[in-house]
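Heads up: numbering here begins at 1 and tracks the sequence.
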Amino acid sequence: MDGVACATLRRPLAPRLGLLALGLLVLAACAPTLNFTRLDGPRFDGHYASAPDTVPPGTGPIRVVTFNIKLSEQIDRAIEVLKRDPLRSADILALEEMDDAGVERIARSLGLNYVYFPSAVHPSNHRYFGPAVLSRWPIERGWKLVLPHAGAQRHQRRTATGAVVLVRGTPVRVYAVHLELQTRVSRGEHRDQAEAILTDAAGSPDPVVIAGDFNSHDIGWYLEKQGYRWPTERVGRTTALFSFDHIFARGLAPPAEAVAAGVVRDNLGASDHHPVWADLVLEPATGRPAAPAAGLPPIR
């Protein structure tokens with residue numbers, strides 16, 4: 001979820017000055033969004049991970065974490081949460097509602113590599129807004145995927161940030177995702193946004209991770225029907241009321257252990273969402289493609 005919902009003023013609710021202030025707030029919430037639909041930027045990246053210890057390829061689980069840090073408002077608290085178990089050992093981290101300064105601070109503090117493409121300037125705080133991929137492993141390349149359908153009221157366009165992460169030398173195709181609220185797009189349009197990500201990943205035989213805030217729990221059943229595993233299906237609420245934050249995988253599976261996914265309930269007030277994690281192990285792979293999926297050349 002994100003931002004302030006638009007509203008309509010129907011009758012006096014406060015003295016005149018109070019009405020004026022409220023009206024300005026409503027106008028700001030309903031203002032059109034400045035979207036970035038060009039595939040070549042804005043782009044931000046950083047390389048702060050030290051060389052990982054030598055580990056034989058394909059051994060041990062890959063820990064994936066997703067965390068929607070509301071409008072990047074509480075970065076210090078988020079860093080403290082991400083430094084704690086079970087999040088501190090994340091191999092891949094998907095962050096949503098990020099601005100450039102917030103991603104940079106988290107990557108520096110945790111010693112991670114990252115790639116970040118903001119989808120827009122958010123109308124409520126006039127800062128960059130979008131998903132980022134971070135990892136303690138090398139990020140081979142990154143790209144922006146513009147999702148279909150602008151949301152109602154603010155006309156915001158959502159994007160996914162894609163990256164190829166070399167986990168112990170094995171390429172893993174990662175998407176950090178933040179789909180639109182279902183109050184702003186239809187059910188079919190919401191599914192179209194998920195389908196755009198699946199289509200982009202379809203051309204790659206590499207393992208795929210799709211993680212983020214889907215603003216839906218039911219969309220997971222659709223991804224399952226497309227051949228993706230859903231290790232976080234039963235983790236419970238990830239916001240005060242809903243289970244919106246999830247991790248999906250193709251070519252990776254939960255390990256044999258009974259507990260391979262969860263939600264961190266104490267987020268230190270860093271967000272209105274709670275971080276979600278899942279452990280995944282590689283399944284047999286058929287090899288890598290000679291080039292990325294059609295229509296999405298590498299962005300250097």
Side-chain angles (χ1 to χ4, degrees), residues 1-4 33-37 39 41-49 64-83 87 90 92-136 139 142-147 151 154 156-163 165 174-181 193 197 209-215 238-239 244-247 264 267-277 299:
M1 295 187 291
D2 68 276
V4 179
T33 305
L34 173 59
N35 295 305
F36 300 121
T37 56
L39 297 182
R43 174 196 167 108
F44 301 88
D45 56 47
H47 309 277
Y48 303 115
V64 180
V65 172
T66 181
F67 193 10
N68 179 328
I69 304 172
K70 182 181 179 182
L71 295 176
S72 295
E73 291 175 337
Q74 299 291 340
I75 295 300
D76 289 336
R77 293 183 184 184
I79 289 171
E80 288 305 309
V81 174
L82 293 167
K83 285 182 176 179
L87 309 181
I92 295 168
L93 181 58
L95 299 180
E96 298 82 50
E97 298 203 20
M98 298 306 299
D99 64 13
D100 52 320
V103 179
E104 173 75 13
R105 284 177 58 198
I106 289 174
R108 281 184 177 271
S109 296
L110 302 182
L112 301 174
N113 305 315
Y114 76 89
V115 62
Y116 167 58
F117 291 90
S119 60
V121 171
H122 199 279
S124 69
N125 63 6
H126 309 293
R127 292 175 5 209
Y128 284 142
F129 175 91
V133 175
L134 298 84
S135 179
R136 65 190 183 97
I139 296 177
W143 65 95
K144 183 200 313 187
L145 180 63
V146 179
L147 305 183
R154 292 190 307 213
Q156 185 170 350
R157 290 292 298 272
R158 300 287 178 152
T159 65
T161 293
V165 181
V174 180
Y175 295 88
V177 176
H178 190 184
L179 301 189
E180 184 57 90
L181 290 164
Q193 291 185 341
I197 300 163
V209 170
I210 303 175
D213 177 2
F214 292 82
N215 273 311
T238 65
T239 70
F244 281 172
D245 305 85
H246 287 280
I247 296 165
V264 175
N267 68 359
L268 303 180
S271 179
D272 56 349
H273 289 246
H274 296 271
V276 175
W277 63 273
I299 300 175

Qualifying residues under salt bridge (charged side-chain N to carboxylate O under 4.0 Å, His left out), relative to [X], sequence neighbours excluded:
{"X": "Asp245", "value": "none"}
{"X": "Arg77", "value": "none"}
{"X": "Arg157", "value": "none"}

Can you see which heavy atom on [X] is nearest to which on [Y], and at what distance?
{"X": "Ala49", "Y": "Ser135", "value": "CB-O, 4.3 Å"}
{"X": "Asn113", "Y": "Tyr48", "value": "OD1-N, 3.1 Å"}
{"X": "Ser124", "Y": "Leu71", "value": "OG-CD1, 3.7 Å"}
{"X": "Pro131", "Y": "Val177", "value": "CB-N, 4.2 Å"}
{"X": "Arg158", "Y": "Leu181", "value": "NH2-N, 4.3 Å"}
{"X": "Ile69", "Y": "Ala270", "value": "CG2-O, 4.0 Å"}

Check side-chain contact (heavy atoms from CB on, under 4.5 Å) between [X] and all other residues, then give those that pass, not counting sequence neighbours.
{"X": "Asp100", "answer": "Phe44, Tyr116, Tyr128"}
{"X": "Ala211", "answer": "Val64, Thr66, Ala94, Val209, Ile247"}
{"X": "Asp76", "answer": "Arg105"}

Does the side chain of [X] reach to within under 4.5 Å of the side chain of [Y], using non-hydrogen atoms?
{"X": "Asn267", "Y": "Pro275", "value": "yes"}
{"X": "Glu80", "Y": "Leu268", "value": "yes"}
{"X": "Ile106", "Y": "Leu95", "value": "yes"}
{"X": "Val276", "Y": "Val65", "value": "no"}
{"X": "Val133", "Y": "Leu93", "value": "no"}
{"X": "Thr33", "Y": "Val121", "value": "no"}
{"X": "Asp45", "Y": "Ile139", "value": "no"}

Rounded to the nearest 0.5 Å, what separation is found between the [atom1] atom of [X] and the [atom2] atom of [Y]?
{"X": "Glu180", "Y": "Phe214", "atom1": "CD", "atom2": "CZ", "value": "14.5 Å"}
{"X": "Leu34", "Y": "Arg154", "atom1": "CG", "atom2": "CZ", "value": "13.0 Å"}
{"X": "Leu112", "Y": "Arg136", "atom1": "CG", "atom2": "CZ", "value": "9.5 Å"}
{"X": "Leu134", "Y": "Leu110", "atom1": "CG", "atom2": "CG", "value": "8.0 Å"}
{"X": "Glu73", "Y": "Asp272", "atom1": "CD", "atom2": "CG", "value": "9.0 Å"}
{"X": "Met98", "Y": "Tyr114", "atom1": "CE", "atom2": "OH", "value": "10.0 Å"}

Any side-chain to backbone donor/acceptor pair from [X] onto [Y]? Under 3.5 Å, distance only.
{"X": "Gln156", "Y": "Ala120", "value": "no"}
{"X": "Ser271", "Y": "His273", "value": "yes"}
{"X": "Arg127", "Y": "Ser72", "value": "yes"}
{"X": "Lys144", "Y": "Gly41", "value": "yes"}

Seminar exercise, completed: The single option from Asp213, Thr159, Thr161 that satisfies side-chain hydrogen bond (donor to acceptor under 3.5 Å, both in side chains) with His178 is Asp213

For this session: Could you give me the CA-CA distance, side-chain angles and deciding distance for Arg43 and Val115, then say whether side chain to side chain contact (heavy atoms under 4.5 Å, CB included) is met?
Result: CA-CA 7 Å; Arg43 174 196 167 108; Val115 62; 4.0 Å; yes

For this session: Specify whether His122 and Phe129 have parallel, tilted or perpendicular ring planes, treating 30° as the upper limit for parallel and 60° as the lower limit for perpendicular.
Result: tilted

Exercise. Going through the checks in order, is the side chain to side chain contact (heavy atoms under 4.5 Å, CB included) test met by Phe67 and Trp277?
Worked result: CA-CA 9 Å; Phe67 193 10; Trp277 63 273; over 6 Å; no

